[in-house]
Engineer: 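One structure, pasted below without further comment.
The chains referred to below are lettered A, B, ... by the order of the sequence lines, with proteins before strands, and numbering in each begins at 1.
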Protein chains: 2
Amino acid sequence: MTTIKDVAKAAAVSTATVSAVINDSAYVSPPLRARVQAAIDDLKYEPSQMARNLKKGRSQLIGLVVADLANPFFARMVWAAEAAVAAWGYSLVVFNSDEKPENERKALARIRALSCDGALVVPVGLPAHYAQRDAEGHGIPTVLFGRIVEDRRSDTVTIDNVAAASQVTNYLLDLGHTRIGSITGPLHLTTGRGRLDGMLQAMQQRGLAPEPGHVRAGEFREDVAYSVAREMLDRPDRPTALYVANGVMALGVMRALADLSIPCPQEISIASTDTIPGIGGLRPRLTRTEHPIIEMTNEALRLLVDRIQRGDNTPPRNVVFQPALILGESCAPLRRGSV
Amino acid sequence: MTTIKDVAKAAAVSTATVSAVINDSAYVSPPLRARVQAAIDDLKYEPSQMARNLKKGRSQLIGLVVADLANPFFARMVWAAEAAVAAWGYSLVVFNSDEKPENERKALARIRALSCDGALVVPVGLPAHYAQRDAEGHGIPTVLFGRIVEDRRSDTVTIDNVAAASQVTNYLLDLGHTRIGSITGPLHLTTGRGRLDGMLQAMQQRGLAPEPGHVRAGEFREDVAYSVAREMLDRPDRPTALYVANGVMALGVMRALADLSIPCPQEISIASTDTIPGIGGLRPRLTRTEHPIIEMTNEALRLLVDRIQRGDNTPPRNVVFQPALILGESCAPLRRGSV
DNA sequence: CACACCGAGCTAATCGTTTCGCTGTATTTT
DNA sequence: AAAATACAGCGAAACGATTAGCTCGGTGTG
């Protein structure tokens with residue numbers, strides 16, 4: 001590899017001058033500058049980011065830890081994040097915790113070891129880890145995404161899960177449904193707990209409550225939702241409407257309905273928070289809330305870059321986004337007599 | 001941050017000894033070792049990968065450049081790649097070229113600047129760029145994925161596109177279809193060209209050829225496929241069966257069918273190469289080939305790590321995977337009289 | 001008893017940059 | 001004309017680690 005020294009030698013100048021030329025960090029007379037530039041081009045010299053970063057104490061790297069890369073929601077987040085960090089001049093190092101605290105720990109350790117300038121994390125739920133930013137304000141700037149954990153030291157960007165769920169549930173209630181079931185995610189996550197709570201709240205406000213067997217919580221996974229749905233919907237006392245907590249689960253439920261030959265929305269109404277991008281071909285189209293992943297990701301990175309570049313030490317900010325209800329054809333008014 | 005010097009001072013030893021302890025690279029007497037370890041724990045010292053990498057001339061980073069992060073196929077590839085590189089002890093830096101040569105160039109430049117130890121690239125098609133590995137064998141080990149470009153210096157991992165397409169087309173032909181159309185990708189890519197060729201070959205072997213208006217090539221995108229399909233299928237002379245070149249495009253076609261109220265497979269048979277993971281809820285289930293993304297990605301990284309770790313300088317290897325035909329319900333035998 | 005040898009740890013050079021502070025010259029100010 | 005200021009460029013010390021080579025006692029051998 002050709003180094004700055006080679007260039008310096010070739011141009012018969014000092015390395016300091018070469019550095020000044022490539023960084024425009026000091027005045028260099030035109031003729032000299034030209035000579036140096038010629039040497040650079042000639043030797044096809046490219047400065048080593050590594051050495052530069054070691055010296056400057058930064059890495060131009062941003063770590064992204066998502067909870068489940070197989071989930072299209074997070075895949076889309078990677079997409080948005082890559083575009084955003086590239087625009088800011090950083091590169092994105094991606095980690096998948098797969099909902100496992102142990103993996104998350106490893107990822108964060110790696111992020112520290114690589115001296116990433118910042119981290120965007122979808123936490124799997126154990127508060128301890130994120131204390132990167134310790135008491136004295138040291139540590140890697142971190143933004144927590146999507147899920148709230150007990151950490152008053154990081155910025156957070158989340159969605160209002162309770163509102164999302166109750167919005168969807170209210171829609172089902174407005175259609176006349178009262179036997180509403182739910183399939184939600186892990187209750188130790190705010191995305192799981194909050195959505196279930198929102199659903200329960202909405203029903204409670206109308207003096208209703210779901211039947212015990214109609215409330216299920218599992219993992220945010222297609223196959224889990226599929227089996228839960230098959231089991232719940234195969235019984236005679238099945239609900240007339242079902243609230244599903246996220247996009248992949250909704251897909252699992254639709255698959256179960258197809259397999260059980262239960263027509264939707266004729267026999268059952270399905271509504272969910274979150275959806276999968278690009279499945280417009282799926283009929284019936286899902287009634288669901290849509291979450292502004294891209295805006296959320298951009299905002300998260302804006303916060304992060306703020307901290308990184310401005311050494312911003314103001315108290316943590318917590319940005320909460322609101323979901324939007326999008327109507328599909330997966331819900332129908334309750335047919336009298338089917339209760 | 002605490003450095004190796006701090007630890008050395010705290011333990012009253014030289015930095016060499018500390019280094020020996022953390023790397024197990026030389027014998028250190030038990031008592032001294034203990035003292036050093038205590039100092040390390042005490043100061044919560046973590047060696048800086050950056051400094052270490054600068055010295056050792058590697059970065060423990062692998063760059064991944066995909067052609068379209070918004071495509072679930074590549075999202076899944078990221079998922080598989082992250083897992084694989086983590087298992088090998090590397091971290092994954094992700095780039096999206098978005099099918100634009102300019103972005104790809106930037107990504108590769110960045111990969112070089114970061115001194116990534118290797119690169120896995122889904123090329124957008126211009127051969128020049130990948131000449132990282134120059135004549136003298138220098139440059140970053142690179143594996144080209146999915147698409148073939150004129151570069152005899154890199155390993156490649158691809159799928160047999162021609163076989164995939166002709167397999168699918170033959171299936172349609174076996175069902176009696178003769179008016180078969182196709183919607184494929186950009187013809188400058190082997191994934192586009194090859195699939196179209198495979199389809200044409202299969203027909204040719206039975207003495208058939210598609211009608212000119214039934215052969216369309218566009219981008220590998222849902223919305224593009226949607227509009228092409230709408231246009232092609234809204235006409236009276238539409239084909240009785242349609243071959244679609246990839247998963248997202250198939251989704252777009254299904255959406256077009258839904259919007260046009262053309263029942264599938266009753267009125268038209270749809271078959272594709274590639275599909276989208278996790279859309280089992282979509283009915284009818286698509287008849288398609290499935291591509292072993294995970295195995296392909298693992299294999300690609302195996303090749304890459306081989307080159308990196310063994311400094312393997314053997315001639316480039318080209319691994320070609322075979323797709324598997326999976327039957328859904330999106331195809332039906334040709335109804336007599338509908339030709 | 002002198003010799004070589006060995007084991008345990010240290011010194012210092014090195015990786016490829018950036019940057020502080022210096023030098024020697026040229027220009028301006030008094 | 002002397003003093004002050006500015007300018008262009010250089011030398012060398014960092015950044016935080018690794019590692020070749022050295023030192024310095026202690027042991028084993030002839």
Engineer: Between B/Leu54 (CG) and C/dA13 (P), how many Å, whole number?
Structural biologist: 18 Å

Engineer: Calculate the interatomic distance between B/Ile4 atom CD1 and C/dA12 atom C1'; express it in whole Å.
Structural biologist: 14 Å

Engineer: Take the protein atom CZ of B/Arg112 and the nucleotide atom C1' of C/dG16, then report the distance between them rounded to whole Å.
Structural biologist: 18 Å

Engineer: Rounded to the nearest angstrom, tell me the gap between atom CZ in A/Arg35 and atom C1' in D/dA8.
Structural biologist: 12 Å

Engineer: Phosphate oxygens OP1/OP2 of C/dC10: is one of them under 4.0 Å from a side-chain N or O of B/Ser14?
Structural biologist: yes

Engineer: Classify the side chain of A/Lys55 and the base of D/dA14 as holding, or not holding, a donor-acceptor pair under 3.5 Å.
Structural biologist: yes

Engineer: So among B/Leu189, B/Leu108, B/Leu144, B/Thr142, which one has a side-chain contact (heavy atoms from CB on, under 4.5 Å) with B/Pro123?
Structural biologist: B/Leu144

Engineer: Between A/Lys56 and B/Val28, which has a closest nucleotide on DNA chain C that is more 5'?
Structural biologist: B/Val28

Engineer: D/dT18 P sits how many Å from B/Tyr45 OH, rounded?
Structural biologist: 6 Å

Engineer: Check A/Thr156, A/Thr190, A/Ile159 against A/Arg147 for a side-chain contact (heavy atoms from CB on, under 4.5 Å) and give me the one that passes.
Structural biologist: A/Thr190

Engineer: Please figure out whether A/Ser48 or B/Tyr27 has its closest DNA chain C nucleotide nearer the 5' end.
Structural biologist: B/Tyr27

Engineer: Picking from D/dG16, C/dT18, C/dT17, which would you name as closest to the side chain of A/Ala51?
Structural biologist: C/dT17

Engineer: Rounded to whole angstroms, how far apart are CZ on A/Arg52 and P on C/dT18?
Structural biologist: 4 Å

